[in-house]
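Everything below concerns the one structure shown next.
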Amino acid sequence: MTDVTREAMEYDVVIVGAGPAGLSAAIRLKQLDADREVVVLEKGSEVGAHILSGAVLDPCGLDALIPDWKEKSAPLNTPVTDDNFYLLGEGGQVRVPNWPMPPLMSNHGNYIVSMGNVCRWMAEQAEELGVEIFPGMSCSEMVYGENGEVRGVVAGEFGRNPDGTPGPSYEPGMELLGKYVFLSEGVHGSLSKEVIGKYDLAAGKEPQKYGLGMKEIWEVDPAKHREGSVTHTMGWPLGKEAGGGSFIYHLENNQVYVGFVVHLNYENPYLYPYMEFQRFKHHPMVAELLEGGKRVAYGARAISEGGWQSLPKLVAPGMALLGCSAGMVNVPRIKGNHNAMLSGKAAGEAAHAALSEGREHDELTAYETEVREGAIGADLKKVRNVKPLWSKYGLAASLTLGGLDMWTNTAGFSVLGTIGHGKSDAAATGHAKDHAKIDYPKPDGKLSFDRLTNVSFAMTNHEENQPVHLRLKDASVPIAVNLPDYAEPAQRYCPAGVYEVVQGDGKDARFVINFQNCVHCKTCDIKDPSQNIDWTVPQGGDGPNYPNM
């Protein structure tokens, strides 16, 4: 692809991704200097189309960035009214009282939101300040300078044939060059993965850890709807097979967000995260809420869970990692959007200061310092041991020792120090011969649904006449290695039914990639035990079209 000639456009700052981090950076840059030339590139068909989050939003990020957000009609319409936490068994539940929980776990003052709609509103604020936002623009390549510094990205390439050659309507895209480039792609973005490797930014850090979050929007019986109610659960159906839990958030208009998270460090390759989610909805407490209701949307995405220990170096010459591109989720709070906004604000301020001094293409060390020593670092440090305790010793240890550690951290110290994560999620996958198959009940079509039917509610779409964006490093590995050793878990860990093993009529098995189904969660790139799958961007505008996630 390097032989392609492209036009170039130059900006002060190029931002990849119109999520909360990228938009916050763009807004802050323009707040500080209206003449700054700032562009935001978004691979979704519109801003918000690829945004999926719980979400209960801590407004501290918005408070810092746009203090008058209420007057500007930000879509934070549902304040949290009550906060519930349950441990589930197969037939019942036990409520955990709120009083033993550290203050940081309280949702008082937070809002149930659609982060897609919040980002759409933020994009309006950015454009009013003069930020250029281009949706439908996948950023497929980095552009590097002669000294190895980041110079920009290639965006807007269209029309390649499935074999990668230019088709009859080929458009080479453009080089968007910046004095600084911000990568705010969300979890495990393809360009972020590239630069973390190129500059060895994860050296000396723990492996990043991930969860798979799946979410449905339901319209429920108004008599069962409790606007502002927040519920989290742990326990059944996962048990000892995997860590994770659920969320049930009652927003306005008789709608409820129902979500389920499975930590991706599970060992049993027969585990089927999507079916665990579907099984969860048959718990009596959940089924009673949903019966008579209607599912109206579905989606999935990976969640960064490594926290403080896994945060890579955030800067390289000409480049900074923002928000979930670096991994700034507070796992026990199930919140990262506030830190994404704060990171964008900090990156914008660091770039503004550098540009004001006539600098460019160097390392924004002030940004790194602010993240680690400011509010984001404080937020992540307090909870840093909850995830590794859970992974190593189980749910009970996470609740007891993790809770104690969070309490002591509020006083500024930790009795446990900093616990490491150990293996990557891919390396945690066990061999099929050492694990039992799991029998999952068939979806009933009322509370639970088959995977492909649900994927249609993500409204995902990909132009079929293009290269497959899910690339195998070695095409033989799925059948020759993953199938005999791990029962090819791609058939199960993908929440969109992208991967199939087809046996055929007595012939050798084939590995089929239905890339049209992809919802861009990137679980395959994370969990594949052979690390044989590279998730890359398809053509701009392709993928899910989430309306209200």
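Start at 1 with the first residue, then count along the sequence. Because only heavy atoms are used, hydrogens play no part in the values below, and waters and symmetry mates are left out as well, while side chains stay in.
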Consider only side-chain N and O atoms of [X] and [Y], and report whether a donor and an acceptor are under 3.5 Å apart.
X: Gln466; Y: Asp542; result: yes
X: Thr429; Y: Lys527; result: yes
X: Asn548; Y: Asn117; result: yes
X: Tyr440; Y: Arg279; result: no
X: Asn514; Y: Glu500; result: yes
X: Asn337; Y: Ser53; result: yes

Atom [atom1] of [X] with >12 non-hydrogen neighbours under 6.0 angstrom:
X: Lys473; atom1: NZ; value: yes
X: Glu463; atom1: CD; value: yes
X: Asp439; atom1: CG; value: no

Any side-chain heavy-atom pair from [X] and [Y] closer than 4.5 angstrom?
X: Met214; Y: Tyr274; result: yes
X: Ile303; Y: Val261; result: yes
X: Leu452; Y: Asn454; result: no
X: Phe85; Y: Arg95; result: no
X: Asn330; Y: Met105; result: no
X: Met137; Y: Lys43; result: no
X: Leu62; Y: Trp121; result: yes
X: Pro495; Y: Arg451; result: no

If I compare all heavy atoms of [X] with all of [Y], which pair ends up nearest, and what's the gap?
X: Arg492; Y: Pro273; result: O-CD, 3.6 Å
X: Leu251; Y: Glu227; result: O-CG, 3.9 Å
X: Tyr266; Y: Glu241; result: CB-O, 3.6 Å
X: Leu238; Y: Gly245; result: CD1-N, 4.2 Å
X: Cys518; Y: His469; result: SG-NE2, 3.4 Å
X: Ser448; Y: Gln278; result: CA-OE1, 3.2 Å

Roughly how far, to the nearest 0.5 Å, is the OG atom of Ser246 from the CD atom of Glu276?
12.5 Å

Could you walk me through whether Val187 and Lys522 pass the side-chain contact (heavy atoms from CB on, under 4.5 Å) check?
CA-CA 8 Å; Val187 176; Lys522 310 185 185 82; 5.8 Å; no

Please test Leu41 against Val153 for side-chain contact (heavy atoms from CB on, under 4.5 Å), starting from the C-alpha separation and ending with a verdict.
CA-CA 10 Å; Leu41 306 167; Val153 296; 3.7 Å; yes

Steps toward side-chain hydrogen bond (donor to acceptor under 3.5 Å, both in side chains) verdict (Asn265, Lys392):
CA-CA 10 Å; Asn265 62 348; Lys392 293 182 178 184; over 6 Å; no

Quick one: do Glu206 and Ser310 satisfy side-chain hydrogen bond (donor to acceptor under 3.5 Å, both in side chains)? Show the steps, please.
CA-CA 5 Å; Glu206 288 291 308; Ser310 303; over 6 Å; no

For the ring pair [X] and [Y], is the centre-to-centre distance below 6.0 Å?
X: Tyr499; Y: Phe511; answer: yes
X: His283; Y: Trp236; answer: yes
X: Tyr86; Y: His232; answer: no
X: His431; Y: Tyr486; answer: yes

Going by the side-chain hydrogen bond (donor to acceptor under 3.5 Å, both in side chains) test, name the single residue among Lys209, Lys387, His421 that passes it with Glu305.
Lys387

Cation-aromatic face contact Lys215/Tyr257, 6.0 Å, 45 degrees
yes

Under 3.5 Å, is there a donor-acceptor pair between the side chain of Gln208 and the main chain of Gly306?
yes

Take the angle between the ring planes of His462 and His520 and call it parallel below 30°, perpendicular above 60°, tilted in between.
tilted

Mind checking whether Phe277 and Phe280 have parallel, tilted or perpendicular rings, split at 30° and 60°?
parallel

side-chain contact (heavy atoms from CB on, under 4.5 Å) between Cys324 and Arg301: does it pass, once the steps are laid out?
CA-CA 12 Å; Cys324 282; Arg301 61 163 291 179; 4.3 Å; yes

State plainly whether the residues [X] and [Y] are in salt-bridge range, i.e. N to O under 4.0 Å.
X: Glu291; Y: Lys446; result: no
X: Glu219; Y: Arg295; result: no
X: Asp58; Y: Arg333; result: yes
X: Lys193; Y: Asp534; result: yes

Verdict with reasoning, Asn107 to Asp83, per side-chain hydrogen bond (donor to acceptor under 3.5 Å, both in side chains):
CA-CA 7 Å; Asn107 278 309; Asp83 212 352; 3.2 Å; yes

Could you walk me through whether Val498 and Leu470 pass side-chain contact (heavy atoms from CB on, under 4.5 Å), step by step?
CA-CA 10 Å; Val498 169; Leu470 305 155; 3.5 Å; yes

For Asp163, all residues meeting side chain to side chain contact (heavy atoms under 4.5 Å, CB included), sequence neighbours excluded
Asn161, Thr165

Chi angles and distances behind the side-chain hydrogen bond (donor to acceptor under 3.5 Å, both in side chains) call for Thr78, Glu252
CA-CA 7 Å; Thr78 309; Glu252 65 263 40; 2.7 Å; yes

